[in-house]
Amino acid sequence: MRGMRLADAVSRATPVPIAPMPIRSLSVLTALLHAYIALRLLPALAMLTPAWPLALAALAISALTIPLPFVSRGRERGASAGELLQWTGLISMGWFSSLFVATLLRDAGLLLAWLASVLFGAPVPWHAVLPWSAMAVLVLATLVSMVGFLNARRTADVKRVEVPIRGLPAALEGFTIAQLSDIHVGPTIRSAYIQRIVDAVNRLGADAIAITGDLVDGSVAELREHIAPLAGLRARHGTFVVTGNHEYYAGAHAWIDELRRLGLKVLLNEHVVLQTRNVRGAQNDEELFESQLVLAGVTDYTAGHFDAAHASDPHLALFDAPPLVHTRVLLAHQPRSATLAAQAGYQLQLSGHTHGGQFFPWNLFVPMQQPFTAGLHRLHDMWVYVSRGTGYWGPPKRFGAPSEITLLTLVVARG
């Protein structure tokens with residue numbers, strides 16, 4: 001590993017302050033969008049059932065509680081009433097998201113039906129279509145949110161992935177890396193959730209554990225006890241961590257110190273050389289180097305905006321790496337680090353950040369910012385694996401993008 005003097009200086013550099021979220025603007029925007037949904041759905045529901053005020057009450061609760069998790073962001077969380085409001089606000093956020101999308105789709109369908117009736121004289125039974133389509137929107141959004149909640153709160157399944165590396169030395173055949181990403185310890189992800197993840201990972205018996213950023217959504221003071229179970233992670237070569245963008249929102253420098261205190265190895269544009277086999281009595285340097293693997297890590301792609309000393313640099317992460325060790329793996333939070341990583345000569349990049357979209361329709365927007373959304377991809381001579389994440393951000397909701405604990409196995413590429 002590069003000298004710790006430089007790493008320690010980098011980790012304690014002065015951070016750039018983050019502007020507070022405009023809570024008032026958020027509240028006004030969400031209120032207006034809720035009003036739009038109410039105007040589009042409630043008159044139609046009133047045609048179908050006298051229970052329509054229940055939908056009005058649900059919309060009012062949603063509009064009032066969605067801003068609450070942001071209002072209390074960065075403050076100490078402990079009061080049960082405060083935690084309940086945060087849970088309510090985040091659940092409302094997930095329900096509102098699906099409700100808003102479904103309402104837009106309903107309006108698009110109604111517009112098409114109206115055009116068909118005007119242009120082609122197609123009869124439309126509006127007295128039935130309007131109320132039942134409004135009811136369908138509410139039922140669909142609620143069911144999706146309930147299923148999404150259960151998917152988010154369960155312990156992630158293990159996803160096993162083989163990565164074929166061209167020219168992989170025989171000594172590295174079968175080397176395993178357990179990847180965790182985007183856990184987002186915060187208002188709804190606490191120590192019990194983390195302990196279940198730790199237990200699942202330890203049962204895998206991986207050679208190394210990689211945590212590819214976005215561990216936390218809060219300060220060290222409020223989340224220290226909830227992230228503590230990560231100290232129990234066990235692997236032959238240890239646990240390695242890189243920063244994600246959310247670490248910088250939450251105070252990356254303090255978190256780097258805390259993670260190191262827990263015994264995790266934080267890689268800040270640096271690398272370690274892992275000796276994967278006992279080579280006592282090796283006959284030559286080639287035999288020694290073929291049993292080694294360079295595991296590097298970079299700071300988040302946007303880290304330089306928070307602290308110039310943290311600017312992400314895959315080339316710098318290989319500084320002074322042994323040139324005869326050709327198997328090189330990079331931990332980089334965002335997939336868009338891959339272009340520079342491929343140029344630097346890595347064989348594999350492990351990333352997260354995207355959550356696989358987490359739930360519809362956000363998966364449709366990921367490609368606008370990132371080259372890959374989830375899974376194993378090829379970029380020139382390098383593989384990129386993008387985890388869908390082990391936890392979730394914001395709403396406790398996953399739909400169509402299940403969380404994962406990934407066990408990656410290096411194998412020799414055939415053909």
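Throughout, numbering of the chain's residues begins at 1 and tracks the sequence. Values below: all heavy atoms of this structure, side chains included; hydrogens, waters and symmetry mates excluded.
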Quiz item: With a 4.0 Å cut-off, would you call Lys265 and Glu270 a salt bridge?
Solution: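 Salt bridge between Lys265 and Glu270, a charged N being under 4.0 Å from a carboxylate O: no.
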
Quiz item: Out of Asp182, Asn151, Thr188, which residue meets the side chain to side chain donor-acceptor pair (under 3.5 Å) rule with Tyr392?
Solution: Thr188

To the nearest 0.5 Å, tell me how far [X] [atom1] sits from [Y] [atom2].
X      : Y      : atom1 : atom2 : answer
Thr65  : Ile91  : OG1   : CD1   : 9.5 Å
Thr243 : Leu215 : OG1   : CG    : 10.5 Å
His326 : Leu172 : NE2   : CG    : 12.0 Å
Gln334 : Gln349 : CD    : CD    : 10.0 Å
Phe399 : Ser98  : CZ    : OG    : 8.0 Å
Trp95  : Thr88  : CH2   : OG1   : 13.0 Å

Quiz item: Does any pair with a residue in residues 147-179 pass ring-ring contact (aromatic ring centres under 6.0 Å, His included), and if so which ones, sequence neighbours excluded?
Solution: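 As it turns out, the ring-ring contact (aromatic ring centres under 6.0 Å, His included) pairs with a partner in residues 147-179, which skip direct neighbours, are Phe175-His237.
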
Closest contact, heavy atoms only, [X] versus [Y]:
X      : Y      : value
Asn269 : Ala311 : ND2-O, 2.9 Å
Ser351 : Ala332 : OG-O, 2.6 Å
Glu404 : Tyr385 : OE2-OH, 2.6 Å
Ala210 : Ile177 : CB-CG2, 3.9 Å
Leu26  : Pro67  : CD2-CA, 4.1 Å
Ser181 : Thr212 : OG-OG1, 2.8 Å

Exercise. Go through the steps to decide whether Thr327 and Val294 satisfy the test side chain to side chain contact (heavy atoms under 4.5 Å, CB included), and finish with yes or no.
Key: CA-CA 6 Å; Thr327 307; Val294 170; over 6 Å; no

Exercise. Applying side-chain contact (heavy atoms from CB on, under 4.5 Å) between His333 and each of Thr302, Asp300, Leu350, report the one that passes.
Key: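 Of all the options given, the one that passes is Asp300.
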
Step through it carefully: locate the ring centre of [X], locate the ring centre of [Y], and say whether they are under 6.0 Å apart.
X      : Y      : value
Phe96  : His34  : yes
His355 : His184 : yes
His310 : His253 : yes
Tyr249 : Phe306 : yes

Counting only N and O atoms by type, is there a donor-acceptor contact under 3.5 Å from the side chain of [X] to the main-chain atoms of [Y]?
X      : Y      : answer
Gln347 : Gly345 : yes
Arg388 : Ala374 : no
Gln358 : Trp393 : yes
Ser117 : Trp114 : yes
Glu247 : Asp214 : yes

Kindly check if the number of other-residue, nucleotide or ligand heavy atoms within 6.0 Å of [atom1] ([X]) is above 12?
X      : atom1 : result
Arg196 : CZ    : yes
Arg154 : CZ    : yes
Trp126 : CH2   : yes
Trp87  : CH2   : yes

Exercise. Just do the side chain to side chain donor-acceptor pair (under 3.5 Å) check on Ser133 and Arg106 with the steps written out, would you?
Key: CA-CA 7 Å; Ser133 63; Arg106 172 182 180 265; 2.8 Å; yes

Exercise. Tell me, with the steps shown, if Leu45 and Met135 meet side chain to side chain contact (heavy atoms under 4.5 Å, CB included).
Key: CA-CA 7 Å; Leu45 285 173; Met135 178 64 74; 4.0 Å; yes

Quiz item: Is there a donor-acceptor contact under 3.5 Å linking the side chains of Lys159 and Ser387?
Solution: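 Lys159 vs Ser387: no donor-acceptor pair found between side chains.
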
Quiz item: Hey, are Thr176 and Asp207 close enough side-chain-wise for a donor-acceptor pair under 3.5 Å?
Solution: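 Result is yes, a qualifying pair exists.
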
Exercise. Compare all side-chain heavy atoms of Ile405 with those of Leu204 and state whether any distance is below 4.5 angstrom.
Key: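 Side chain of Ile405 against side chain of Leu204, heavy atoms only: contact under 4.5 Å found.
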
Self-check item: Intermediate values then yes/no, side chain to side chain contact (heavy atoms under 4.5 Å, CB included), Leu408 and Arg160
Solution: CA-CA 6 Å; Leu408 301 111; Arg160 299 174 185 271; over 6 Å; no

Exercise. Over 60° means perpendicular and under 30° means parallel, so classify the ring planes of His377 and Phe372, tilted if in between.
Key: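 Because their plane-to-plane angle is under 30°, the rings of Phe372 and His377 count as parallel.
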
Self-check item: Ser191: side-chain hydrogen bond (donor to acceptor under 3.5 Å, both in side chains) partners, not counting sequence neighbours
Solution: none

Practice problem: Could you go through the side chain to side chain contact (heavy atoms under 4.5 Å, CB included) check for Ile209 and Val201 one step at a time? | Solution: CA-CA 8 Å; Ile209 299 170; Val201 171; 3.7 Å; yes

Quiz item: Would Tyr346 and Asp381 count as a side chain to side chain donor-acceptor pair (under 3.5 Å) if you check the C-alpha gap in whole Å, the side-chain angles of each, and the deciding distance to 0.1 Å?
Solution: CA-CA 8 Å; Tyr346 294 93; Asp381 293 327; over 6 Å; no

